[in-house]
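Below: one structure, written as C-alpha cells.
One-based numbering, in listed order, for ligands and for the atoms of each. One-based numbering along the sequence shown.
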Amino acid sequence: MPASTAKKKTKKTPARAKRRERRFVPNSLESSKLSLIGGGAGALALGAGVYGQWIREPAVSYATYLVAGGALVLGAAMWFGDVTAHPVRVGDAGVAIERGTELSRLAWCDIERIRLEGDKLLISGEGLTLELPMSAHKVAISWLLKEAAGRVPDVVDVKGSVVDGLPEPRDTDGERLEVKDVQVAGRRCAESDQLITFERDARLCPNCGQVYHLRHVPKKCVTCDEALGSSAIGA
Ligand SMILES: [Zn+2]
C-alpha cells in the first residue's frame, strides 16, 4: 500500500484521485461445507436410485423416488451453497456485497453500527443492513474491522477478542480493484444540504466517503473530522 499512498499525495489533481477497494471471495471450504453434506447425500440417493431403477433387475419400486428426491436435495444444496456467502468488497467506498452483477453498498459515512450477531457480522445503515457470515469471510471481516476502526471507529461495536481471533490483514489479501460507478448524484451535500445533480459536482471525503457539493467542501469532514479542503476527491 505505501506505493499507492505516495502516489495519491504527489498527484497534482487530487479531485481525480482513484478510489480503491479489495474484493474477497468467500472461503469456499467453509461456505461449501453445508452444500457438500447436502450435495453428497443428494448424489448418493441419486446414485442408489439410478442403480435400483435401471441397473438392478428387477427394478426396485422406490428407486424412482430416490432419483427424484436425490435430484431435489442435490439441487437444493447447490442453490443454498450459492446463496450462503457472496463476494464482498472493502475499501475507500465502504463495504459492498456482490450478488451477481448487483452491488449492495454502504459508504463508511452511512454506516450506523457494526456488530456481531451469532456467526454473522452485521453492518447496518439507514434502510440497509449487510450480513457477512464469519466462517466464510474471516479475511474480509478482518480488513473491514481494521478499516472501520481507522475511518469510523464510533460505529464499531465488536469486542477486541473477536478481532484477535481473526487473521492479521495482509497487503496481499483479496483482489485490488478501482472503485467505479458509485452513485452520488441525488444525494445531498452533508454541509450545505444542496442537492448533488451531477457526479462532477460532488467531492468526497477520502476517509469516510461523505459527499459534499464542490462549492461547499468544509475544512473538516462533518462525519469523521478528516481535514478536507483540497484533499476531497471527485466521485
Ligand atoms: Zn469523512
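Atoms OG and NZ, on S135 and K120 in that order, are 10.0 Å from each other to the nearest 0.5 Å. Summarising the geometry, atom CG belonging to L121 is positioned 11.0 Å from atom OG belonging to S142; distances are rounded to the nearest 0.5 Å.
Of all protein atoms, those that are N, O or S and lie under 2.8 Å from the Zn ion (ligand 1) total 4.
Applying the salt bridge (Lys or Arg N to Asp or Glu O under 4.0 Å) rule to D157 yields the partners R113; only residues at least two apart in sequence or on another chain are considered. By the salt bridge (Lys or Arg N to Asp or Glu O under 4.0 Å) test, R23 is found to be paired with E98, E175, residues two or more places apart in sequence or in another chain being considered.
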Scan the side chains in residues 218-226 for donor-acceptor partners under 3.5 Å anywhere in the protein, sequence neighbours excluded, and list what turns up.
{"from": "T223", "atom 1": "OG1", "to": "Q210", "atom 2": "NE2", "distance (Å)": "2.7"}

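Here the side chains of Q194 and H216 are in contact, with some heavy-atom distance below 4.5 Å.
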